[in-house]
Amino acid sequence: MAPEKNMRSLQDELLPSTPGKFKLEQRSSHHRQLYRCFSSTSTMFLWALFLIALTASYLSFHSFIDTGNRYLAVSWGGIQWERQVRNSAKTHRSGGMSVLVTGAGGFVGTHVSLALKKRGDGVVGIDNFNNYYDPSLKKARKALLQSQGVFVVEGDINDSHLLAKLFDVVAFTHVMHLAAQAGVRYAMENPNSYVHSNIAGLVTLLEACKTANPQPAVVWASSSSVYGLNEKVPFSESDQTDQPASLYAATKKAGEEITHTYNHIYGLSITGLRFFTVYGPWGRPDMAYFSFTRNIIQGKPITVYRGKNQVDLARDFTYIDDIVKGCVGSLDTAGKSTGSGGKKRGPAPYRIFNLGNTSPVTVPALVSVLEKHLKVKAKRNVIDMPGNGDVPFTHANISHARTELGYKPTTDLETGLKKFVKWYLSYYGYNHHAKPVNN
Ligand SMILES: O=C(O)[C@H]1O[C@H](OP(=O)(O)OP(=O)(O)OC[C@H]2O[C@@H](n3ccc(=O)[nH]c3=O)[C@H](O)[C@@H]2O)[C@H](O)[C@@H](O)[C@@H]1O
């Protein structure tokens, strides 16, 4: 082949011999195809259908990815999960309740859930198992609940999708709302955790309750700390509660106001319970009686705060079994919510009760009782109470709860701490070396 001809054939392969013409021909053939395609209305209609189908499948693919991510990120959802929720919520007595217990992995939540389940009510728990204190204790409580047929969902009350799903799966008659950021002094360390759980979480939960059909009756944990700097003794529900001494107390007081608005606007039945320093088996390691016990056993010193003018601090310590009776009594007597479709249909009850013991005990006296039960002398380090949000004393007037709920505490501190120490030693033994907690 002559070199000149050879070169031309290579050019023929790489480039169009007449580029302008080639492009023109391509375009006109493309136009012809388009013309053919859209030449009839029916073909155009088919194209439109095709485009709609394409868009729809794109959107549903995205929502599938979204849902998938949600299910991958959290530990709830699916047919098996829904079955567990439904089974756990089933009542086993006539006229039984179906209760959603928030904070079920917590101290009071565990005890209330067990009591309800035992008498045949349906119970579903929810807890985020955060690490404010040793999560392994919370997991052990969960295992205890599971052994009694109470299913606990791992999730946060700030998760509105989860709450909507739960109300979708079960028509809860009641919500026992105990999930919260607890602890008076920790509020100075981590203020936002109180806003997250006690304000934002509460509102998310109330939104779910107000939307649910039927609306459940809500019983929830407020706190004796709302009395703040109140000096009138004993503390009555009608006393002033606008002088909180800690952010914790302020968020609980805010909870009382927030629940009032949901009662007023949406017809939610609300019962707020002001708990007075609850203690007992399976208790909270951040509380004084618990951390004192651990330190006394380990031979470590304990810090005992003392109030102004060297006056001992005192608390109306209340035993868990008495508190459980108050909670169950509140659920039993809670009137119905009146709203539906997110709208109020009539007035609904709004109640607040003190749940205390009515006999305050000083902190040094508490230590003496522990020394007696543990048979070990405490190394007391007595210091003036720092400005940490503590109040000098608490003392409940419980006549309102007695009349309305039949609430009657029967366990004194001596007896209650004996039961606590027995549980503590059986759970941890004498060699408990847990990490120090927030006290
Ligand atoms: O009744 C309530 O409303 C509150 O009761 C407890 O709060 P608190 O009474 O402060 O209970 P503890 O933390 O167990 O303290 C009891 C007493 O021991 C004192 N204390 C605490 C810790 C410490 O190291 N030393 C010490 O003397 C405190 O000042 C207080 O007077 C709970 O922690 C709150 O969640 C609850 O809302």
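Just follow the structure's listing: the first ligand is 1, and inside any ligand the first atom is 1.
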- Query: How are the rings of Y262 and Y266 set to each other: parallel, tilted or perpendicular (split at 30° and 60°)?
  - Reply: tilted
- Examine ligand 1 and decide if any of its atoms is less than 4.0 Å from a heavy atom belonging to T394. no
- Message: Looking at ligand 1, would F393 count as a contact under a 4.0 Å heavy-atom criterion?
- Response: no
- Message: Please check whether S223 reaches ligand 1 - meaning an N/O of the residue sits under 3.5 Å from an N/O of the ligand, judged on distance alone.
- Response: yes
- Query: In terms of atom number and element, which parts of ligand 1 are under 4.0 angstrom from non-hydrogen atoms of D390?
  - Reply: 10 (O), 28 (C), 29 (O)
- Ligand-residue contact atoms, ligand 1 with S225, heavy atoms, under 4.0 Å: 3 (O)
- Message: For ligand 1, which is the ligand I care about here, please tell me if F275 has any N or O atom under 3.5 Å from one of the ligand's N or O atoms.
- Response: yes
- Item | Numbered atoms of ligand 1 (with element) below 4.0 Å of F276, judged on heavy atoms | 1 (O)
- Task: Decide if the gap between the ring center of F317 and the ring center of Y289 is smaller than 6.0 angstrom.
- Result: no
- Query: What atoms of ligand 1 come closer than 4.0 angstrom to any heavy atom of L313?
  - Reply: 29 (O), 31 (O)
- Query: Would you say the side-chain atoms of T251 and N198 include a donor-acceptor pair closer than 3.5 Å?
  - Reply: yes
- Task: Report, in ascending order of atom number, the atoms of ligand 1 lying under 4.0 Å from any heavy atom of V184.
- Result: 7 (O), 10 (O)
- Message: Within the 3.5 Å criterion, strictly below it, is a donor on Y186 or D286 matched to an acceptor on the partner's side chain?
- Response: no
- Note: heavy atom closest to atom 35 (O) of ligand 1, options K252, M385, R306, R284, belongs to R284
- Query: Given R380, Q181, R315, R185, which has its nearest heavy atom closest to atom 21 (C) of ligand 1?
  - Reply: R185
- For ligand 1, which atoms sit closer than 4.0 Å to a heavy atom of A288? 12 (P), 13 (O), 14 (O), 15 (O), 16 (C), 18 (O), 21 (C), 22 (C)
- Task: Using a strict cut-off of less than 4.0 Å between a Lys/Arg side-chain nitrogen and an Asp/Glu carboxylate oxygen, indicate whether E82 and R86 qualify as a salt bridge.
- Result: yes
- Note on the structure: Within 4.0 Å of some non-hydrogen atom of T303, the atoms of ligand 1 are 23 (C), 24 (O), 25 (N), 26 (C), 27 (O)
- Query: Does the Y248 side chain pair with the main chain of M188, one donor and one acceptor, at a distance under 3.5 Å?
  - Reply: no
- Query: In terms of ring plane angle, is the pair F151 and W81 parallel, tilted or perpendicular, where the classes change at 30° and 60°?
  - Reply: perpendicular
- Query: Quick one: which ligand 1 atoms are inside 4.0 Å of a heavy atom on Y248?
  - Reply: 34 (C), 35 (O), 36 (C), 37 (O)
- Using the ring pair (Phe, Tyr, Trp, His ring centres under 6.0 Å) rule, collect all pairs that involve residues 353-377, keeping only residues at least two apart or in two chains. F353-H400
- Item | Pairs where residues 318-346 contributes a residue and the test ring pair (Phe, Tyr, Trp, His ring centres under 6.0 Å) is met, not counting sequence neighbours | Y279-Y319
